[in-house]
Participant: 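I'd like to ask you about the structure that follows.
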Amino acid sequence: MLPTGACPSPDALADVRERAYATLLGSALGDALGATVEFCTQSEIRAQYGVLRKIVGGGWLRLKPGEVTDDTQMSLCIARSLAAVGWSPSDIAERFAAWFKGWPVDVGNTCRRGIARYINHGTLAGPFNEGDAGNGAAMRVAPVALATLADGRLLERWAVEQGHITHNHPLSDAACVLIGRLIHMGCTGQPRERLQRKVEDVVAKFPPFRFSPFRGLATAYVVDTMQTVLHHFLSTHSFEECLVATVNQGGDADTTGAIAGAIAGAFYGPAQLPEHWVRKLAPALLYEIQDLSGHLVERSPLGHGQPVVM
Ligand code: MN
Ligand code: MN
């Protein structure tokens, strides 16, 4: 574990790089696994799969096994932008626009509206909107967490700025920041109790995120999404168990899977990513995730030798 205030040794940094890889890969795996049952109810999943444990494709998007969706694609837009030019919301928005014009397999309504606003008006943030409390900004925040490792303040700023390109709502902002913080803690090897305490602190400030007793809702409303992710992350003890429990909740399963996969990937590290899942992803995607995660850590304050500030 990297203690607060300590500069990273080369060995410690190598471990962070591995965990950063597991963060992005974990997220893509959660997306690919969960997409099969996106918008299904728990009983529909039970009837068709018993428990969904394999990456089999299909679902309402009729995906090939291992195919990923907007969650991973928008994350990649941000990761590529950060690796290429550093922090530039306009470059991220440009990449969202180019992706959007390429007929992606799926795009959420709030993302669609935000990207259309950018294309038509060039603005990098919409005004506050009550309807912007979806999970579309939170699902793509992982690369921002990796690029801001060791600097919680920077994370807060960038996580919210990337979010506002499509979603302007305090609950979405809070979710983006919390997910980013948990990724920071996971990547720097903090113990479970510290992550748990962080979650408890945030839940105390944002009571809607309270997930105990768990209501079992997993819709695209960021409150439901966060409750599902936090509940399953904190009540399971392996990467695979966490993701299986999360996506079998149904609802916005690819997105809860992507977020849980990022947090659990950072926390458990690459050794826990199930080989039979990883094999399903396209080799080019695996290669790019490896490459980008390395770049993001290098560009982060931690990669520049800055001590950890939580
Ligand atoms: Mn999706
Ligand atoms: Mn989704």
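The residues of the chain are indexed from 1 along the displayed sequence. Counting starts at 1 for both ligands and their atoms, in listed order.
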Participant: When you compare the side chains of D254 and T69, does any donor N or O come within less than 3.5 Å of an acceptor on the partner?
Facilitator: yes
Participant: Compare every heavy atom of T23 with every heavy atom of A266, then report the nearest pair and how far apart it is.
Facilitator: CB-OG1, 3.3 Å
Participant: Any donor-acceptor pair under 3.5 Å linking the side-chain atoms of H164 with those of D173?
Facilitator: yes
Participant: Working to 10°, measure the angle at the Mn ion (ligand 1) formed by atom OD1 of D71 and atom OD1 of D70.
Facilitator: 90°
Participant: Is there a continuous path of hydrophobic side-chain contacts, each under 4.5 Å between heavy atoms, that joins L273 to V68?
Facilitator: yes
Participant: To 10 degrees, how wide is the angle OG1 (T69) to the Mn ion (ligand 1) to OD2 (D254)?
Facilitator: 90°
Participant: Which value, rounded to 10°, describes the OD1(D252)-the Mn ion (ligand 2)-OE2(E38) angle?
Facilitator: 80°
Participant: Can an N, O or S atom be found in T255 less than 2.8 Å away from the Mn ion (ligand 2)?
Facilitator: yes
